[in-house]
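All remarks here apply to the structure that follows.
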2 protein chains.
Amino acid sequence: MSSREVPALLQRHGVQPTAQRTEIALAIFGNAGHQSADEVYETVNSGAIRVSRATIYNTLKLFVDRGMIRPVIVAPGKVFYDPNMAPHYHLYDTDTGELTDIGADQIEIHGLPTLPPGKQLDGVDVVVRLRSGADSKRGAD
Amino acid sequence: MSSREVPALLQRHGVQPTAQRTEIALAIFGNAGHQSADEVYETVNSGAIRVSRATIYNTLKLFVDRGMIRPVIVAPGKVFYDPNMAPHYHLYDTDTGELTDIGADQIEIHGLPTLPPGKQLDGVDVVVRLRSGADSKRGAD
DNA sequence: GTGCTTGCAAATGCTTTGCACAAAA
DNA sequence: TTTTGTGCAAAGCATTTGCAAGCAC
């Protein structure tokens, strides 16, 4: 995604394309992976323009509300923002903190439970957790 | 689980059974559902003895380390502690904040991705997210 | 000019930590 | 006595918010 396409993307989602929002969107959609709010802040501010943390957070929330990105929660206080809205899952490395996509086709989920009446499905989050060493953890058992 | 069995449970996991830890364990294993750290704090302190937040957090972490309970993260800053260590998944109601178990047999996951070399599976977290009203949310689209 | 945006800094909410006192081994 | 556990209050993070100044239409 180029900086030329971003404003159109924003408008398509009913978001007024300002310089800051364009930079933030570019940081998220331009770069590959998933970034935390703080990483987005760093990415954006490493460039020419300067964007405050407040704006980063406000904008991220706006993008989530508008269905442009989705938050992936991997640990308390560890939220990544995922520009991939297609159904898919995640691989999280507990040691490195790295988050990787798993295609929807790589995990099959069958037989979701019956939903309570009046409720509707909002989404299914799957996080596969990895740890490095063969015996890096554990003590009991 | 009665207050008589708890000390044995703690010792079985290499945890010295103190009055506070017994109360905390009782709050988690005695009551049904999942509780947040704060709910455990309330539950414990509604009884006779008084336990500080520091001890609640320290003990919860200790229990997690010892494999007695597991944390379930449903939202940033929203962690529940689940006394059920058997493989199973969760249903989270975004509106009420209620967390319900889904038996491992109610969802089938097939074809986990190949793990990178040197890594091993730490667990698979599945959270099925619900929202209430038919049109309670959304604004864009 | 009116309304939406931005940024600062203060505030919030949850969790962790340092240190002294209390209890257990 | 030596080790381990507890509690208070302060510190730490990530995130949110109030309010004034800036921009866009």
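A note on names: the letters A, B, ... follow the listed sequences, proteins ahead of strands, and every chain is numbered from 1.
Here S36(B) does not reach the OP1 or OP2 of dC14(C): none of its side-chain N or O atoms lies under 4.0 Å away. An OP1 or OP2 oxygen of dC8(C) is reached within less than 4.0 angstrom by a side-chain nitrogen or oxygen of R50(A).
Protein atom CD1 of I49(A) is 12 Å distant from nucleotide atom C1' of dG7(C), rounded to whole Å. The CZ-C1' distance, from R53(B) to dG13(C), rounds to 10 Å in whole Å. The interatomic distance linking D38(B) (CG) with dT15(C) (P) rounds to 8 Å, in whole Å. dC8(D) atom P lies 12 Å from atom CD1 of I56(B), rounded to whole Å. The CD atom of E23(B) sits 12 Å away from the P atom of dT6(D) (whole-angstrom rounding). Atoms CG (L60(A)) and P (dT6(C)) sit 13 Å apart, rounded to a whole Å. dT6(C) atom C1' lies 12 Å from atom CD of Q16(A), rounded to whole Å. Computed from coordinates, the R66(B) CZ to dG5(D) C1' distance equals 13 Å when rounded to whole Å.
Picking from dC8(D), dT17(D), dC4(C) the nucleotide with the shortest atom distance to the side chain of S52(B) gives dC8(D). Of the candidates dT16(D), dT6(D), dG7(C), the closest approach to any side-chain atom of T59(B) belongs to dT6(D). Checking dC8(D), dT15(D), dT5(C) against every side-chain atom of R21(A), the shortest atom distance belongs to dT5(C). Closest approach to the K61(B) side chain among dT16(C), dT17(D), dG7(C) is made by dT16(C) (side chain taken as heavy atoms from C-beta onward). The side chain of T55(B) sits closest to dT6(D) out of dT15(C), dG7(C), dT6(D). Distance from the side chain of A37(B) is smallest for dT15(C) among the nucleotides dT15(C), dT17(C), dT15(D). In this structure, the nucleotide among dT6(C), dC8(D), dT6(D) sitting nearest to the side chain of Q20(A) is dT6(C). Nearest to the side-chain atoms of Y57(A) among the listed nucleotides dT16(C), dC4(C), dA14(D) stands dA14(D).
No hydrogens or angles considered: nothing links the side chains of D125(B) and H90(B) as a donor-acceptor pair under 3.5 Å. In summary, the side chains of S52(A) and T55(A) do present a donor paired with an acceptor at a separation below 3.5 Å, with no hydrogens or angles considered. Residues D105(B) and H88(B) have side chains that never bring a donor and an acceptor to within less than 3.5 angstrom of each other.
Position along DNA chain C of the nearest nucleotide to T18(B) versus G77(B) favours G77(B) as the more 5'-ward residue.
N58(B) comes within 4.0 angstrom of a base, heavy atoms only.
Using a 4.0 Å cut-off between charged side-chain N and carboxylate O, R129(A) and D122(B) make no salt bridge. Ion pair R53(A)/D38(A) flagged as a salt bridge, since at least one NZ, NE, NH1 or NH2 atom sits closer than 4.0 Å to an Asp/Glu carboxylate oxygen.
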